[in-house]
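To keep things clear, I will list the structure first and then write my remarks on it.
Values reported hereafter were calculated over all heavy atoms of this structure, with side chains retained and with hydrogens, waters and symmetry mates removed. Residue numbers start from 1 in every chain, and the chains themselves are labelled A, B, ... in the order their sequence lines are given, proteins ahead of strands.
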Amino acid sequence: MDMNKISKKWQEKWEKAKIFEVKEDSKNKYYVLEMFPYPSGSGLHIGHTFVYTVGDIFARFKRMQGLNVLHPMGYDSLGLPAENAAIQVNEHPKDYTEKSTKNFIKQQKELGLSYDWSRMLKTCDPTYYRWNQFIFLKFFEKGLVYRKKAPVNWCSECKTVLANEQVHSGKCWRHEKVDVEIKQLEQWFIKTTEYSDELLDMTDDLDWPHRIKSMQKHWIGKSYGTEIIFDINGEKWPIFTTRPDTIFGVTFMVVSAQHSKLDSLVTPEQKLEVDKFLKKVKSVSEKELESLEKEGVFTGSYAINPLSNEKIPVYAGNFVLAEYGSGMVMAVPAHDPRDFEFAKKYKIPIKIVVSPNNSKESSNLKEAYRGHGKLVDSGDFTGMDNQDAVDAVAKQLEKIKLGKKTTQYKFRDWLVSRQRYWGTPIPIIHCDSCGEVPVLEKDLPIELPQDVVFGEGNPLLTNEKFVNVKCPKCKKDAKRETDTMDTFFDSSWYFLRFCDPNNSKEMFNPKKADYWMPVDQYIGGAEHACMHLIYARFFTKALRDLGYVKIDEPFPKLFNQGMVLGEDGEKMSKSKGNVVDPRDICKKYSADALRFFLVSLASPDKDRNWSEKGIEGSHRFINKIIEYVETAKIGKSSERNQHKINKAIQQVAEDYGNFKYHTATMKIRGLLDGLEPDISKEDLESFIKIIAPIVPHLAEELWSNLKNKSFVSVESWPNCDKKKINEQFDKEEEFTDKTVSDILNILNLIDKQIKKVYLYVLPNDADSYNLEDIKKRVEKEVILYKVNDKEKYDPDNKSKKAKPGKPAIYLE
RNA sequence: GCGAGAGUCCCAUAGUCUGGUCAAUUGGGCAGGACUUAAGAUCCUGUGGCUUAGUGCCUACGAAGGUUCGAAUCCUUCCUCUCGCACCA
């Protein structure tokens with residue numbers, strides 16, 4: 001059997017018969033989706049192959065279970081890497097992307113993935129991204145989009161700003177060597193924080209891997225505390241603290257060096273010092289900032305402690321985040337390690353206000369005390385347990401209207417504008433008189449102009465026709481926004497577009513979205529925990545509140561597949577030379593062998609190492625399947641076969657449904673191993689159906705060889721006839737194995753020439769041994785007696801040693 | 001530091017939720033055998049230790065304790081590893 005020919009044949013037949021295309025109907029729907037790829041020039045890598053295989057097996061299984069399965073595929077084809085790659089080879093990003101996408105599609109088809117190709121979408125098509133623009137405008141109308149000058153993350157390699165989510169440990173998510181710089185720039189933001197609470201609360205109900213949920217929760221990072229208002233120069237400055245109980249220990253304040261109102265705090269005498277400090281802070285990246293020693297400078301201003309009325313100096317510091325809380329903190333060096341470090345450095349007094357033993361001596365304090373204790377030196381609160389004081393102080397502040405209990409989030413609004421070409425143009429026009437004016441809906445899409453010059457700065461600025469426009473409001477000369485949208489905007493709603501991908505009137509028909517959504521099973525890598533998965537959830541909620549969808553969550557179930565590592569257990573990389581190209585594997589062995597191998601290695605959620613020996617093993621197994629089916633005697637199934645098949649129908653279904661493909665392959669191996677040649681057509685067909693989700697091409701071929709006209713891919717999963725399951729057969733297998741093992745063991749131990757093997761079994765067990773099988777395996781003549789057989793040949797009187805499941809043995 | 005997860009017989013992996021049927025699944029490797037002129041493919045067997053005509057015993061599922069008649073499986077503590085977040089006040 002030429003597997004490659006077969007694969008191609010069936011791929012063509014599937015496509016021609018459109019068997020994976022679906023419409024809304026009365027059947028129960030099931031939406032299976034793998035995160036769509038970013039099509040790169042280098043083609044599909046083995047990791048892609050793996051996720052799509054994982055998703056495809058699931059989709060195929062659900063389809064066979066009779067569900068109306070939507071399984072679409074698309075391409076996240078706008079974005080920076082394509083732009084950069086295209087520039088490097090001196091091509092236009094559009095042409096470059098088109099080529100890459102074509103290549104991806106070709107390779108995916110070669111894997112036999114059961115997509116509804118009629119729904120294929122590409123985010124770089126204006127027919128798609130016009131709806132990005134539409135959504136942007138709707139968000140704008142609703143007040144979910146705004147422009148603001150803020151300290152933002154800048155990647156010098158990407159030459160654009162980045163969202164918070166795209167900064168990983170101070171580095172650009174795409175350039176692990178590039179430190180992100182903080183710049184003050186005017187940028188577009190999406191008010192993702194509007195949904196902080198809902199995003200946080202609803203994570204609990206999601207059927208997602210623990211760690212993804214915990215990562216998201218962390219990312220949103222809700223903390224409960226108290227807002228306290230300090231008076232500085234007659235102005236009210238709120239700060240956020242989780243430790244209001246230590247308010248009497250505040251000996252200084254620190255405002256972020258990036259704080260927009262820092263200037264107003266700096267006195268003329270301190271201006272020089274502060275400027276010097278700011279210059280120094282500016283030149284360091286966020287990453288360095290983290291490892292850096294805490295530094296600061298006195299601003300010259302003083303704050304008034306609302307409870308003690310003490311006058312406390314205000315510093316500007318490099319360790320306070322401008323964007324968290326109010327960008328200023330109250331510093332309690334005795335009870336906070338950061339404040340302690342700072343106070344020691346600048347010789348600021350340290351005042352103990354919480355003590356486990358009433359001690360107030362701070363001069364020999366080695367580190368901040370963060371434990372519990374009684375309040376000391378704390379006015380009316382002195383003597384109170386500090387945990388009780390958290391509430392008591394908050395209450396008191398509330399009473400005098402200088403504070404209140406509140407919550408804070410780490411989560412920030414999403415910075416969506418990018419100073420690059422290959423993205424969705426932001427549909428806004430800047431007018432000197434009218435300000436930021438949204439493009440009219442009828443003017444959408446704002447298409448990306450082809451004619452631009454790539455070089456320094458945003459290429460879109462080089463197309464004057466694109467930039468110079470009339471203001472939609474006052475018709476005067478105006479400038480088009482040249483920033484484009486973050487690529488994550490595109491992927492935040494593509495799953496909705498799949499419900500109605502060719503609609504040119506609406507972004508999707510609401511009824512269709514109602515039918516298909518939510519995505520019943522989403523599948524993808526963990527790297528998107530705090531990026532795509534948060535944005536997509538936000539979009540769904542925002543679109544719900546705009547009336548476009550009815551669901552609250554797009555992906556109630558998420559499955560994270562593991563990584564495919566190189567043979568050496570390292571991440572595959574060109575420099576390590578451990579890269580495996582799926583195309584080569586397909587050619588050498590077949591798509592089915594690759595699919596089978598990838599899922600047979602380990603449970604799909606775990607990492608796995610590539611193994612050349614392993615793929616050979618899978619290839620061998622596939623040949624074994626072919627060999628069996630071709631030599632099977634079709635007629636009536638032996639009872640043992642009926643038992644084995646029916647048991648497998650049940651067990652494998654359970655494994656497929658729970659992403660336990662690895663154990664499914666183990667059971668399939670076990671099944672084939674024990675199948676006898678005599679089998680009914682129906683049982684043989686069941687066997688083919690069982691393997692079909694993993695090795696679909698082979699299954700179709702075997703299926704059609706049985707003179708079936710239909711596609712096994714859309715046949716229904718076989719019914720398990722429980723009456724046919726008879727554990728006696730498993731017992732027999734076990735007894736037989738053990739007996740063979742025993743006989744061979746004895747043969748090994750003695751060196752007599754043996755011709756005959758006599759077995760003496762307990763009468764009850766007599767049917768539990770497969771004598772033929774034993775003969776074949778020990779390659780000797782075997783004679784079996786019941787122990788109570790009067791006529792038996794037993795010169796050594798061995799028969800008395802027989803036990804349940806264990807015959808007595810005599811050799812001669 | 002905080003959070004999530006994991007540690008099983010040469011390697012990988014199943015079993016852990018629902019304790020006994022577990023020296024423990026499956027693949028790979030290795031070893032022996034069958035087939036073959038030979039090789040390959042295929043098939044059978046073995047692969048913790050000692051021991052034995054198929055037996056029995058010991059040691060074992062990261063370490064140490066505990067619960068139990070009984071633990072790879074439940075509880076406690078510890079160690080190691082992986083991943084994510086990280087000056088969030």
Side-chain angles (χ1 to χ4, degrees), chain A residues 168-170 209-219 221-223 225-226 228 239-244 246 253-254 256 286 289-294 317-321 323-332 335-339 341-342 408-412 526-527 529-530 563 569 597 600-603 605-609 611-618 620-621 623-624 627 660 662-663 665-670 673 731 734 737-752 754 757 759 773 776-779 796 798 801 803 805-811:
Chain A
H168 296 166
S169 315
H210 280 289
R211 69 190 177 116
I212 304 288
K213 292 210 269 188
S214 110
M215 277 162 79
Q216 280 206 359
K217 281 188 181 176
H218 254 249
W219 189 257
K222 186 175 189 173
S223 45
T226 304
I228 304 178
I239 61 96
F240 177 77
T241 181
T242 52
R243 294 293 305 274
T246 63
M253 308 286 286
V254 188
S256 167
E286 185 170 310
L289 219 66
E290 274 167 27
S291 50
L292 224 61
E293 209 178 304
K294 289 171 190 30
N318 65 352
F319 68 99
V320 175
L321 302 170
E323 299 290 292
Y324 184 77
S326 57
M328 185 188 277
V329 296
M330 65 177 217
V332 186
H335 304 293
D336 181 287
R338 294 155 304 183
D339 301 346
E341 190 189 327
F342 194 87
Q408 278 292 331
Y409 301 88
K410 292 191 209 177
F411 194 43
R412 318 280 167 79
E527 67 274 15
C530 296
M563 277 198 295
F597 170 64
S600 69
L601 271 172
S603 162
D605 54 329
K606 299 220 171 104
D607 292 350
R608 68 228 33 249
N609 293 6
S611 152
E612 200 60 36
K613 288 282 181 195
I615 178 86
E616 277 170 23
S618 297
R620 272 202 297 273
F621 182 66
N623 286 337
K624 225 168 128 174
E627 165 87 13
K660 297 179 106 187
H662 171 226
T663 49
T665 61
M666 279 161 57
K667 279 160 197 158
I668 290 171
R669 287 189 119 111
D673 206 37
K731 189 169 143 197
E734 191 188 312
D737 282 351
K738 186 73 188 128
T739 306
V740 168
S741 166
D742 282 350
I743 296 169
L744 290 173
N745 189 6
I746 304 168
L747 285 170
N748 242 334
L749 288 168
I750 57 178
D751 45 19
K752 261 197 289 177
I754 297 298
V757 176
L759 299 178
D773 196 32
K776 213 168 70 197
R777 284 158 72 182
V778 302
E779 294 164 320
D796 245 10
K798 290 276 184 194
K801 290 181 79 175
K803 290 180 191 163
K806 210 168 167 44
I809 299 167
Y810 174 69
L811 307 178

- Message: Check the phosphate of B:rA89 against A:Y324, side-chain N and O only, distance under 4.0 Å to OP1 or OP2. Yes or no?
- Response: yes
- Message: Please give the distance between the P atoms of B:rG66 and B:rA71 as a whole number of Å.
- Response: 12 Å
- Item | Of A:S611 and A:G327, the one whose closest RNA chain B nucleotide lies more 5' | A:S611
- Message: Between B:rA14 and B:rG27, how many Å separate the two P atoms, rounded to a whole number?
- Response: 15 Å
- Task: For A:V778, report the nucleic acid contact type (base, sugar-phosphate, nothing); a contact means any heavy atom under 4.0 Å.
- Result: nothing
- Task: Test A:D673 against A:K624 for side-chain contact (heavy atoms from CB on, under 4.5 Å), laying out the working first.
- Result: CA-CA 9 Å; A:D673 206 37; A:K624 225 168 128 174; 4.0 Å; yes
- Task: Please state how far atom CG in A:N748 lies from atom C1' in B:rG33, giving the value in whole angstrom units.
- Result: 9 Å
- Query: Can you find a pair of side-chain heavy atoms, one from A:L321 and one from A:R412, that are under 4.5 Å apart?
  - Reply: yes
- Rounded to whole angstrom units, what separation is found between the CZ atom of A:F621 and the C1' atom of B:rU26? 11 Å
- To the nearest Å, give me how far apart CZ (A:R211) and P (B:rC83) are. 11 Å
- Message: Measuring only between side-chain heavy atoms, which start at C-beta, is A:I228 closer than 4.5 Å to A:M330?
- Response: yes
- For A:K738, report the nucleic acid contact type (base, sugar-phosphate, nothing); a contact means any heavy atom under 4.0 Å. sugar-phosphate
- Message: If I take atom CE in residue A:M215 and atom P in nucleotide B:rC83, what distance separates them, rounded to the nearest angstrom?
- Response: 12 Å
- Which value, in whole Å, describes the distance between the C1' atoms of nucleotides B:rU77 and B:rU82? 22 Å
- State which of B:rG3, B:rA14, B:rA89 makes the closest approach to the side chain of A:S214. B:rG3
- Task: May I ask you to say what A:R620 touches in the nucleic acid, namely base, sugar-phosphate or nothing, with a heavy-atom cut-off under 4.0 Å?
- Result: sugar-phosphate
- In whole angstroms, how far is the C1' atom of B:rU45 from the CD1 atom of A:I746? 14 Å
- Query: Touch check for A:A529, heavy atoms < 4.0 angstrom, all strands: base, sugar-phosphate only, or nothing?
  - Reply: nothing
- Query: Please give, in whole Å, the distance from B:rU45 P to A:D742 CG?
  - Reply: 13 Å
- Message: For a quick check of understanding: with a heavy-atom distance under 4.0 Å over all strands, which category does A:K213 fall into, base, sugar-phosphate or nothing?
- Response: nothing
- Message: So, OP1 or OP2 of B:rA14: does either fall under 4.0 Å of a side-chain N or O from A:K606?
- Response: yes
- Message: With rounding to the nearest 0.5 angstrom, report the CD to NZ distance, A:E616 to A:K613.
- Response: 5.5 Å
- Message: Students often get this wrong, so: under 4.0 angstrom with heavy atoms, is A:S600 touching a base, only sugar-phosphate, or nothing?
- Response: nothing
- Message: With rounding to the closest Å, how many angstrom separate the P atoms on B:rG48 and B:rU26?
- Response: 14 Å
- Message: I'd like the P distance from B:rU42 over to B:rU76, given in whole Å.
- Response: 49 Å
- Note on the structure: Symbol by symbol from the 5' end, with Watson-Crick or G-U pairs under 3.5 Å, [ ] crossing and | another strand, RNA chain B is ((((((((.[[[..)....(.....]]]((((((.......))))))(((.....)))...[[[[[..)....]]]]])))))))....
- Message: Using the C1' atom as the point on both nucleotides, what is the distance between B:rG62 and B:rC9, in whole Å?
- Response: 14 Å
- Message: Need one value for A:K613: base, sugar-phosphate or nothing, where a base atom within 4.0 Å counts as base even if backbone is also close, heavy atoms only.
- Response: sugar-phosphate
- Sorted by position of nearest nucleotide on RNA chain B, 5' first, the leading residue of A:E616 and A:D796 is A:E616
- Query: Which value, in whole Å, describes the distance between the P atoms of nucleotides B:rU8 and B:rG3?
  - Reply: 25 Å
- Which value, rounded to the nearest 0.5 Å, describes the distance between A:K410 atom NZ and A:H218 atom NE2? 6.0 Å
- What does A:I743 touch in the nucleic acid at a heavy-atom separation under 4.0 angstrom: a base, only the sugar-phosphate, or nothing? nothing
- Message: If I take atom OH from residue A:Y810 and atom NZ from residue A:K801, how far apart are they, to the nearest 0.5 angstrom?
- Response: 13.5 Å
- Distance, C1' atom - from B:rC11 to B:rC17, rounded to whole angstrom: 28 Å
- Ranking B:rC2, B:rC43, B:rA34 by distance to the side chain of A:H218, first place goes to B:rC2
- Query: Contact class for A:K222 (heavy atom, under 4.0 Å): base, sugar-phosphate, or nothing?
  - Reply: nothing
- Message: Just to be sure I understand the rule, does A:L811 reach a base, reach only the sugar-phosphate, or reach nothing, if contact means heavy atoms closer than 4.0 Å?
- Response: base
- Task: Could I get the full list of salt bridge (charged side-chain N to carboxylate O under 4.0 Å, His left out) partners for A:R777, not counting sequence neighbours?
- Result: A:D737, A:D773
- Message: Students often get this wrong, so: under 4.0 angstrom with heavy atoms, is A:K217 touching a base, only sugar-phosphate, or nothing?
- Response: nothing
- What is the distance from NE2 of A:H662 to P of B:rG27, rounded to the nearest Å? 10 Å
- For A:T739, which contact category applies under a 4.0 Å heavy-atom criterion: base, sugar-phosphate, or nothing? nothing
- Message: Are A:F319 and A:D339 packed together at the side-chain level, in the sense that at least one heavy-atom pair is separated by less than 4.5 angstrom?
- Response: yes
- Are A:E341 and A:K294 ion-paired here, with the side-chain N under 4.0 Å from a carboxylate O? yes
- What is the distance, rounded to the nearest whole Å, between atom CZ of A:R669 and atom P of B:rC43? 11 Å
- Item | Distance (rounded to the nearest 0.5 Å) between A:N609 CG and A:M563 CE | 10.5 Å
- Message: Please determine whether a side-chain nitrogen or oxygen atom of A:R777 lies at a distance below 4.0 Å from atom OP1 or OP2 of B:rC43.
- Response: no
- With a 4.0 Å cut-off on heavy atoms, is A:G614 in touch with a base, just the backbone sugar-phosphate, or nothing at all? nothing
